[in-house]
Amino acid sequence: MGAASLIVLILAAIAFSAGAILIAKVVTKATKNKQKAEPYESGIPTRGPSWVQFNVGYYLFALLFLIFDVELIFLYPWAVAAKKVGLLALVEIIIFFFILFMGFLYAHKKGALKWK
Amino acid sequence: MTASQIIFYLISAFILSMGVLSVTSRKIFRSAIWLLFSLIGIAALYFWMDVQFIAAVQIVVYVGGIVVLIIFSIFLTQQSGKEMPKAPLLRTIAGALAVLFGFAFTFLLIDQYGFPAIDQPFDNDVARIGNAMLNTEQGGYALPFEVVSILLLAAMVGCIVIALKTKPEEK
């Protein structure tokens, strides 16, 4: 039952969005001009390519984010079980956080979190 | 074929087609976006298997973390918007052969396993994962849980050391 209704939902979603696009295509009168193709219509003309090289800082922040992202994953099962396990759970998560906090301090000390 | 099976084949077709598009796309940024869709499809497969926690991990870590990292590393290069040259024929053949052998190897290994049906219901409650993770008694995973934080610490120190290596030239 659940799976069948999911299939119906997928088909309905495709039909609705495709239908909206098709009706818009049929009903509206399409005009084409140079102005319309600009990134900011009736704005300042853009200069230079948009494919620019990013600052290396973004990459570093993404790397650090990923590590704390993985850390976050462990928080969910901990949070569900913490109440039942009691004080021991608190001690365990404090040890866990303490070790990771050392890494955070290291990153801070090395200037990895400073925007250059 | 039941409706559940249809869903499975739909999701699998989605994952595989996105994977093929990711490999065959000439623009590296588009490859990353196709990869993103493929990973979302895998999360859908986990939801289909009723393992919600793993599905959430898949979305948070792979879709939200690793793909972002890949996109940033693409933008670090200068050729992010350029179309890559077509691979030479010899390399295409070699790649196809490697894929074929890899597939045959995995298929034979998986095929040996009989996939027996189990009687007891599959319990994948997050609370159970949490209890096992915090259990300090025999068979508990408290020590691995703490060791994971050391592993993450090592990863963090490693990535800072490597990423800040090229600092002296600028300024």
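All values below were derived from every heavy atom in this structure, side-chain atoms included, with hydrogens, water molecules and symmetry-related copies excluded. In what follows, chains carry the letters A, B, and so on, assigned in the order in which the sequence lines appear, proteins first and then strands, with residues in each chain numbered from 1.
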Asker: Please find the pair of heavy atoms, one from A:A81 and one from B:A127, that lie closest to each other, and give the distance.
Answerer: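 Result for this residue pair: CB-O, 4.1 Å.
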Asker: Is the number of heavy atoms from other residues, nucleotides or ligands under 6.0 Å of B:Y62 OH greater than 12?
Answerer: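 No, OH of B:Y62 has 12 or fewer neighbouring heavy atoms, counting only those of other groups under 6.0 Å.
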Asker: Taking CZ in B:R128 as the centre, count heavy atoms belonging to other residues, nucleotides or ligands within less than 6.0 Å. Is the count above 12?
Answerer: no
Asker: Please indicate whether A:F98 has more than 12 foreign heavy atoms, meaning atoms of other residues, nucleotides or ligands, lying under 6.0 Å from its CZ.
Answerer: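 Open.
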Asker: Is there a side-chain contact (heavy atoms from CB on, under 4.5 Å) between B:M133 and A:F74? Walk through the geometry before answering.
Answerer: CA-CA 9 Å; B:M133 200 175 82; A:F74 287 93; 3.9 Å; yes
Asker: First locate atom CG of B:L153, then atom CD1 of A:I99, and finally report the distance between them rounded to the nearest 0.5 Å.
Answerer: 7.5 Å
Asker: Highest number of heavy-atom pairs under 4.5 Å with chain B: which of A:I93, A:V85, A:I67?
Answerer: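 Heavy-atom pair counts peak at A:I67.
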Asker: Are the side chains of A:E92 and B:T136 in contact, using a 4.5 Å heavy-atom criterion?
Answerer: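 When only atoms from C-beta onward are counted, A:E92 and B:T136 do touch, with a gap below 4.5 Å.
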Asker: Roughly how far, to the nearest 0.5 Å, is the CG atom of A:L63 from the CE atom of B:M156?
Answerer: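 It comes to 11.0 Å.
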Asker: With a 6.0 Å cut-off (strictly less than), is the heavy-atom count around CZ of B:F53, excluding the residue itself, greater than 12?
Answerer: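 Result for CZ/B:F53: enclosed.
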Asker: Hey, could you give me the CG/CD distance between B:L152 and A:E71, rounded to the nearest 0.5 Å?
Answerer: 7.0 Å
Asker: Contact part of B:I66 toward chain A, heavy-atom cut-off under 4.5 Å: side chain, backbone, both or neither?
Answerer: both
Asker: Counting only heavy atoms not in B:L90, do more than 12 sit closer than 6.0 Å to its CG atom?
Answerer: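 No, because the 6.0 Å sphere around CG of B:L90 holds 12 heavy atoms or fewer from other groups.
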Asker: Using heavy-atom distances under 4.5 Å, tell me whether B:V147 contacts chain A through its side chain, its backbone, both, or neither.
Answerer: neither
Asker: Tell me, out of A:L88, A:V80, A:D69, A:V70, who's got the most heavy-atom pairs with chain B below 4.5 Å.
Answerer: A:D69
Asker: Give a yes or no on this: more than 12 heavy atoms of other residues, nucleotides or ligands lie within 6.0 Å of atom OH of B:Y141.
Answerer: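 Counting other residues, nucleotides and ligands, OH of B:Y141 stays at 12 neighbours or fewer.
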Asker: Using heavy-atom distances under 4.5 Å, tell me whether B:F145 contacts chain A through its side chain, its backbone, both, or neither.
Answerer: both
Asker: Do other residues, nucleotides or ligands put more than 12 heavy atoms under 6.0 Å from the CZ atom of B:F47?
Answerer: yes
Asker: Between B:F105 and B:L100, is there a shared hydrophobic cluster once you connect ILVMFWY residues whose side-chain heavy atoms come closer than 4.5 Å?
Answerer: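 No, because B:F105 and B:L100 fall into different hydrophobic clusters, even though each may have its own neighbours under 4.5 Å.
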Asker: Can you tell me how far the CD1 atom of B:I160 sits from the CG atom of A:L64, to the nearest 0.5 Å?
Answerer: 5.0 Å
Asker: Let's test your reading of the structure: which of B:V126, B:I129, B:L69 forms the most heavy-atom pairs below 4.5 Å with chain A?
Answerer: B:L69
Asker: With a 4.5 Å cut-off on heavy-atom pairs, point out which of B:L134, B:V61, B:N131 contacts chain A the most.
Answerer: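 Max contact count across the listed options: B:L134.
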Asker: Hey, mind stepping through A:Y58 and B:F72 against ring pair (Phe, Tyr, Trp, His ring centres under 6.0 Å) and telling me if it holds?
Answerer: CA-CA 7 Å; A:Y58 286 107; B:F72 278 152; 5.5 Å; yes
Asker: Using non-hydrogen atoms and a 4.5 Å limit, figure out which bit of A:F104 sits close to chain B: side chain, backbone, both or neither.
Answerer: backbone
Asker: Against chain B, label A:F65 side chain, backbone, both or neither, depending on which of its atoms sit under 4.5 Å from a heavy atom there.
Answerer: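 Side chain only.
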Asker: State, to 0.1 Å, how close B:E146 and A:F96 come at their nearest heavy-atom pair, and which atoms those are.
Answerer: OE1-N, 3.3 Å
Asker: Quick one: of B:S149, B:G64, B:G130, who has the most non-hydrogen atom pairs under 4.5 Å with chain A?
Answerer: B:S149
Asker: Picking from B:I71, B:N135, B:V161, B:V148, which has the most non-hydrogen pairs under 4.5 angstrom with chain A?
Answerer: B:V148
Asker: Verify the neighbour count for atom CG of A:L22: are there more than 12 heavy atoms of other residues, nucleotides or ligands below 6.0 Å?
Answerer: yes
